[in-house]
Amino acid sequence: MSYNHHNQSQGYVPSYNSQNTGAAYMARRGWGNESDRNTTISFSSKSSSKRIYITLFVMLVLLLIAAIVIIILFASGVFHGADPLQNPTSSPILNPTFRPPINNIPTFSPIFSQNQSYTGSFLIQREASDVYNFKNTNQYFNAFNIMQNALDNIFVTSTLRPYAAQARLIDLRNRGNDLAVLFEVHMLGGGNVDQNTVADVVRNNLGTLRNQLGGNAQIDFNSVSVVRLFTF
């Protein structure tokens, strides 16, 4: 450290030269820069790690909350959609409250040894309904049972009674604005019975079938169709 003396007003004022100070010496050695650099790097690394931990913790909490909410919604039945058949576009003709009586199906020994099976269908006019689009609902099951009982009562009292003819309902299906009834007929033997005979049984009993369905069903006479399946 050096001082230069200059006379001023009968005295002297020391002149300070900063190049010979300790701070200047440390700067030349690079001590101050290294310390500052190390300190800055350490602080930045710790802050970054802390932010990552906080972010992960917040995400974990949000996922846990979402899982709890979903479990509660499932348990409360919120995700169970409303049954579209509670308010169908039209009321089906097969009223579930109407239960026609079921005649006992007789069991006869076959007159002939040749057994026969047929498949057939007919249309109930303007009776299409959303009920028949869903096969696993109570409304469909009720309508299915009513139609099955009606077919049973037709064949066990028909001219095919000696052959123990039995009808089996296959499906109730919308076809445009009408309801298609698909069925099969199985009998023991049959002799001269053919598909026309079975179709005539259905046509000749449309009035009985209508009464079995509640009296308002409009069955298309010309839509009755029967085809022979097989003989064994």
Side-chain angles (χ1 to χ4, degrees), residues 80-106 115-161 163-188 190 193-231:
H80 293 169
D83 188 351
L85 301 183
Q86 294 299 326
N87 296 303
T89 56
S90 61
S91 299
I93 191 66
L94 305 181
N95 187 352
T97 61
F98 180 76
R99 292 290 185 274
I102 303 176
N103 294 333
N104 293 328
I105 300 176
N115 298 332
Q116 302 181 28
S117 294
Y118 299 85
T119 181
S121 65
F122 57 85
L123 296 177
I124 303 178
Q125 296 177 329
R126 296 176 296 279
E127 290 301 331
S129 171
D130 287 344
V131 168
Y132 307 115
N133 291 330
F134 302 89
K135 310 301 183 181
N136 59 345
T137 63
N138 290 332
Q139 292 93 331
Y140 179 84
F141 289 148
N142 290 336
F144 190 95
N145 289 334
I146 291 172
M147 181 61 70
Q148 178 66 70
N149 293 339
L151 291 174
D152 286 340
N153 285 325
I154 286 178
F155 281 93
V156 298
T157 59
S158 71
T159 56
L160 300 178
R161 179 185 177 95
Y163 307 105
Q166 298 183 16
R168 184 169 71 91
L169 182 61
I170 302 302
D171 193 13
L172 299 173
R173 184 180 304 168
N174 290 326
R175 186 173 295 173
N177 294 326
D178 302 330
L179 175 64
V181 180
L182 284 67
F183 64 93
E184 291 181 356
V185 177
H186 305 277
M187 64 185 69
L188 304 175
V193 173
D194 59 15
Q195 58 193 34
N196 294 324
T197 306
V198 178
D200 286 340
V201 168
V202 177
R203 293 190 185 100
N204 294 336
N205 288 276
L206 290 183
T208 302
L209 184 62
R210 183 183 302 110
N211 292 334
Q212 292 288 317
L213 300 179
N216 296 322
Q218 299 297 320
I219 303 174
D220 185 359
F221 180 89
N222 295 322
S223 68
V224 178
S225 174
V226 175
V227 176
R228 189 167 186 167
L229 284 178
F230 54 83
T231 301

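Keep in mind that the numbers below use all heavy atoms, side chains included, and drop hydrogens, waters and symmetry copies. The first residue in the sequence is number 1, and the count goes up from there.
Here the OH-CZ distance, from Tyr140 to Phe134, works out to 13.0 Å after rounding to the nearest 0.5 Å. Taking CD1 from Ile146 and CG from Leu151, the interatomic distance works out to 12.0 Å, rounded to the nearest 0.5 Å. Note: Phe183 CZ to Phe155 CZ = 5.5 Å, rounded to the nearest 0.5 Å. Here OG of Ser223 is found 8.0 Å from CG of Leu206. Values are rounded to the nearest 0.5 Å. Separating the OG atom in Ser225 from the CG atom in Leu123 is a distance of 10.0 Å, to the nearest 0.5 Å.
Considering only heavy atoms from C-beta on, Leu172 comes within 4.5 Å of Leu179 through its side chain. Within the 4.5 Å cutoff, the side chain of Phe122 has no heavy atoms near those of the Asp220 side chain.
Remark: the backbone N or O of Val131 is not paired with any side-chain donor or acceptor of Gln139 at under 3.5 angstrom. Not a single donor-acceptor pair under 3.5 Å links the side chain of Ser121 to the backbone N or O of Leu182.
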* Asked: Is there a side chain to side chain contact (heavy atoms under 4.5 Å, CB included) between Tyr118 and Met187 once you walk through the steps?
  -> CA-CA 9 Å; Tyr118 299 85; Met187 64 185 69; 4.1 Å; yes
* Asked: Would Met147 and Ile124 satisfy side chain to side chain contact (heavy atoms under 4.5 Å, CB included), going step by step from the backbone distance to the final call?
  -> CA-CA 11 Å; Met147 181 61 70; Ile124 303 178; 3.7 Å; yes
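Listed by chain and number, the residues in a side chain to side chain donor-acceptor pair (under 3.5 Å) with Arg126 amount to none (sequence neighbours excluded). Remark: Ile154 engages Val201, Asn205, Leu209 in a side-chain contact (heavy atoms from CB on, under 4.5 Å) (not counting sequence neighbours). Applying the side-chain contact (heavy atoms from CB on, under 4.5 Å) rule to Glu184 yields the partners Thr119, Arg168, Ile170, His186, Leu229; only residues at least two apart in sequence or on another chain are considered. In this structure Arg173 satisfies the salt bridge (Lys or Arg N to Asp or Glu O under 4.0 Å) test together with Asp171, sequence neighbours excluded. For Thr197, the side chain to side chain donor-acceptor pair (under 3.5 Å) criterion is met by Asp194, not counting sequence neighbours. Under the rule for a side-chain contact (heavy atoms from CB on, under 4.5 Å), the partners of Asp200 that lie at least two apart in sequence or sit in another chain are Arg203, Asn204. Legend: residues meeting side chain to side chain donor-acceptor pair (under 3.5 Å) with Asn174, ordered by chain and number and at least two apart, are Asn133. In this structure Gln148 satisfies the side chain to side chain donor-acceptor pair (under 3.5 Å) test together with Asp152, sequence neighbours excluded.
Residue pairs meeting the salt bridge (charged side-chain N to carboxylate O under 4.0 Å, His left out) criterion with at least one partner in residues 206-217, sequence neighbours excluded, do not occur; the list is empty.
Considering every non-hydrogen atom in both Tyr163 and Val193, the closest pair reads CE1-CG2, 4.0 Å. Summarising the geometry of Gly176 relative to Ala128, their closest heavy-atom pair is O-CB, 3.4 Å, with the distance given to 0.1 Å.
With hydrogens and angles left out, the side-chain atoms of Asp178 and Gln125 include no donor and acceptor closer than 3.5 Å.
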